[in-house]
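What follows is a single structure, written as structure tokens, with notes after it.
Each chain gets a letter, A, B and so on, in the order the sequences are listed, and its residues count up from 1.
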Protein chains: 2
Amino acid sequence: MTAGSVRQMRLEDVAKEAGVSRATASRVMSGSGPVSAAVRDRVREAARRLDYRPDPVARALVSGSGFRLVVAVVGTTAQVLEDPYVDRAVAAAAQAGAPYGVGASLQWLPRQAPRLDRLAEDRSVRGVVLLNTTEAALEAVPMSLRGRVASIGIGSRWVPSFDVDNGGGAAAVLRHLYATGRRRIAMVTGPQWMPCAWRSVESYQGLMRSAGLPARLVAGDFSAGTGHRAMRRVLRRWPDTDAVFAINDATALGALAALREEGRKVPDDVAVAGFDDIPFAALSAPALTTASHPVSRIVGAAATAVLNQAPGPPNVVFPSTLIRRQSA
Amino acid sequence: MTAGSVRQMRLEDVAKEAGVSRATASRVMSGSGPVSAAVRDRVREAARRLDYRPDPVARALVSGSGFRLVVAVVGTTAQVLEDPYVDRAVAAAAQAGAPYGVGASLQWLPRQAPRLDRLAEDRSVRGVVLLNTTEAALEAVPMSLRGRVASIGIGSRWVPSFDVDNGGGAAAVLRHLYATGRRRIAMVTGPQWMPCAWRSVESYQGLMRSAGLPARLVAGDFSAGTGHRAMRRVLRRWPDTDAVFAINDATALGALAALREEGRKVPDDVAVAGFDDIPFAALSAPALTTASHPVSRIVGAAATAVLNQAPGPPNVVFPSTLIRRQSA
DNA sequence: TTGAAAGCGCTAACAC
DNA sequence: GTGTTAGCGCTTTCAA
């Protein structure tokens, strides 16, 4: 249909077309440096006419800026990369980067030795988005990476953080459980080492304490499998449990399955609530009560901040609201 | 901890260290052109000693090859990008590209006008992986993109295809339904325009015809929402339906919810089977019988093929096996 | 087999 | 304000 254009236009062509030097054309196109209004219009018009689009590779070379955004996921094993949450994050980064001509890479960061210096030295790397961030990972951020890292989770003096309001969301869910008469509320947490899961646990502990109720904590690891096992453990240790708050929906769905197997009615015998509002939370039986978690927006914001080198506020918190369904 | 290295080593440094010219060092590092064994070893040793890593940006500039892999998803609206299946695909591409220093970008390709020429001309683009591929999209592949496109779904003379064995997987599921006594089997399909969903439908029609049974087809769109609606439609039109095969798990889970609301027992009254074996297929109530679909492996293979410019077989088909659970 | 030199397309000092 | 010039780090002719 369209004739394949013979050759991509270069800045030189635009400059010639507009009757100016390459430097001036560059100033116009990159929007930096002084140019007279008349010349600017002339160059822009020429660029439009020739359908000129600057070569991002050449730009990257001269500016030394790199061209890919690495999503680095802290985890005990490379298995973390199989979490649907990671998929969502990467897709969001890939989408946010597209207009900038920047792609997303996915990489595992061993929890025991989260080395970021290789990434910092890699000239193809434009910036890094940290997932499941730990203190150790934050400390491993080398100087040369400062200003082009963002963390989904905890941040530091040098690393801006973007996260959902874990504490607020958890509190909303727990208040709902309490308001509907639940008093023997257990919680299935995430892995101990993951700071982003602490707030929820603190919320739980805070509310239980202020209500004068004993805490019933069991550790999980964000997976449905451990949600299932953790639920069985809860029932064994505290058979009279009448509600469970799971650190995320996957865990909650696992718990739901365990309760079903045990013949406990949800929500009549035991109420179940999760966190995240993943697509299938609405489809479980009963449909899962949970708290919203705008992962795409969060990661998109983090990616955009890195790409723009925007200083911005050091901690951006996205609200989480209660999603009432049938399970609680 | 580690002292930030003052400056990245350049090819020049390696050349000097090895006592050769930059050109020779380049020949060694890029592995092209004639070099004596002695010199090769000397240069390699020097590179190792200096911890030299070639700058991918400079390489891209000189070779004009681009540095991002675009996952282009055909769809009626940009909403297609919200499908978890897309997330998985992008994550797989991002992971496959990482060792090559290539990132993944995500982009919507309007079904009505799937233009690929812009991507072809974009010098930052190394290659393209097509998702939900249509004939129109294949025809829109410009000459300049040949050899660096792959399709997840149908392929063409110029575009190698990578896909799961939709026909085989569907047949396995349907044979299972038939073998367990189901005779009034309905199917909820995908959108009509999506060729990658046709094979499953053909399998369904073929098996029904050969068994002398009438087809009961209803169109969905891969979403749980339409799975729900389609199921109600099925029950209204053919109240005696005793099995449903859904084009994918999301649809099947929607159907499951609809059956629950209608008070039909699964699998006693109606058997339900899906396709994909998504993580939550195992968690539904009852757990979903389905067929496996190794999305990550498929997209990883496609991405790798594009990055390697590997000619390879034009059509790679990944097997799909029946996953027996409770719903059928 | 090796080296010298010319770019890839762009930006940014530095002059004017 | 605008043009000239020197690179960014690498590959690749072209000679030797």
Side-chain angles (χ1 to χ4, degrees), chain A residues 5-44 46-47 50-67 100-102 121-126 144 309, chain B residues 5-44 46-47 50-67 100-102 121-126:
Chain A
S5 53
V6 179
R7 189 176 55 72
Q8 272 293 327
M9 288 300 158
R10 295 169 306 168
L11 190 56
E12 182 82 53
D13 301 313
V14 175
K16 207 168 292 173
E17 174 87 4
V20 297
S21 74
R22 208 170 63 226
T24 301
S26 169
R27 281 189 273 263
V28 173
M29 296 316 295
S30 65
S32 72
V35 234
S36 72
V39 167
R40 187 175 49 237
D41 292 348
R42 203 138 44 86
V43 171
R44 288 216 174 119
L50 299 180
D51 189 31
Y52 166 76
R53 269 158 300 162
D55 182 344
V57 184
R59 278 189 161 169
L61 179 64
V62 73
S63 65
S65 62
F67 50 73
Y100 296 80
V102 168
E121 284 167 16
D122 187 328
R123 279 175 296 223
S124 72
V125 174
R126 171 80 161 265
S144 59
Q309 305 267 55
Chain B
S5 53
V6 179
R7 189 176 55 73
Q8 270 295 325
M9 290 298 158
R10 296 168 307 168
L11 190 56
E12 183 82 52
D13 302 313
V14 176
K16 208 169 291 173
E17 174 87 3
V20 297
S21 73
R22 208 169 62 226
T24 301
S26 169
R27 283 190 270 263
V28 173
M29 297 315 294
S30 65
S32 71
V35 233
S36 71
V39 167
R40 187 174 50 236
D41 292 348
R42 204 138 45 83
V43 171
R44 288 212 175 122
L50 298 180
D51 189 30
Y52 166 76
R53 269 158 300 163
D55 182 345
V57 184
R59 279 189 159 169
L61 179 64
V62 73
S63 67
S65 63
F67 51 72
Y100 297 81
V102 169
E121 284 167 16
D122 187 327
R123 278 175 296 221
S124 71
V125 175
R126 173 79 162 266

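- Atom CE of M29(B) is separated from atom P of dT11(D) by 9 Å (rounded to the nearest Å).
- Distance, R59(B) CZ to dC10(D) C1': 8 Å, rounded to whole Å.
- Considering only side-chain atoms of P34(A), the nucleotide from dT2(D), dT2(C), dG9(C) that sits closest is dT2(D).
- For the pair L61(A) and D55(B), the minimum side-chain heavy-atom distance is below 4.5 Å.
- Contact check for S30(B) versus R59(B): side-chain heavy atoms found under the 4.5 Å cut-off.
- Side chain of R22(B), nearest nucleotide from dA5(C), dA12(C), dG9(C): dA5(C).
- The NZ-C1' distance, from K16(A) to dG3(D), rounds to 15 Å in whole Å.
- At the heavy-atom level, V57(B) lies nowhere under 4.0 Å from the strands shown.
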Side chain to side chain contact (heavy atoms under 4.5 Å, CB included) for V57(A) and F67(B)? Distances and angles first, verdict last. CA-CA 8 Å; V57(A) 184; F67(B) 51 72; 3.3 Å; yes
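- Residue A23(B) places its side chain closer to dA5(C) than to any other of dA5(C), dG9(D), dA12(C).
- Along DNA chain C, the nucleotide nearest to L61(B) and the one nearest to S26(A) differ in position, and the one closer to the 5' end is contacted by L61(B).
- Separating the CG atom of D41(B) from the P atom of dT2(C) is a distance of 11 Å, rounded to the nearest angstrom.
- In this structure, Y52(A) and Q8(A) have side chains that are not in contact, with every pair of non-hydrogen atoms separated by 4.5 Å or more.
- With hydrogens and angles ignored, the 3.5 Å screen pairs a side-chain donor or acceptor of R42(B) with a backbone N or O of A18(B).
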Under the criterion side chain to side chain contact (heavy atoms under 4.5 Å, CB included), I'd like the reasoning laid out for D122(A) against R53(B): C-alpha separation, chi angles, the key distance, then a yes or no. CA-CA 8 Å; D122(A) 187 328; R53(B) 269 158 300 163; 5.6 Å; no
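- Taken over five-pair windows at either terminus, the axes of the helix from dT1(C)-dA16(D) to dC16(C)-dG1(D) are inclined to one another by 40° (rounded to 10 degrees).
- For L11(B), the listed nucleotide lying nearest its side chain is dT11(D); candidates were dT11(D), dG3(D), dC10(C).
- What separates CZ of R10(A) from C1' of dT11(C) is a distance of 16 Å, to the nearest Å.
- Counting only heavy atoms from C-beta on, S21(B) has its side chain closest to dG3(C) among dC10(C), dT11(D), dG3(C).
- One can place CZ of R27(B) at 11 Å from P of dT13(D), the figure rounded to the nearest angstrom.
- Put simply, CG on D55(B) is 10 Å from P on dT11(D), counting in whole angstrom units.
- Side-chain contact between D51(A) and M9(A) is absent, with no heavy atoms from C-beta onward closer than 4.5 Å.
- What separates CZ of R40(A) from P of dG1(D) is a distance of 11 Å, to the nearest Å.
- Of the side-chain N and O atoms in T24(B), one or more sit less than 4.0 angstrom from OP1 or OP2 of dG3(C).
- Put simply, S36(A) has a side-chain N or O that comes within less than 4.0 Å of OP1 or OP2 on dT2(D).
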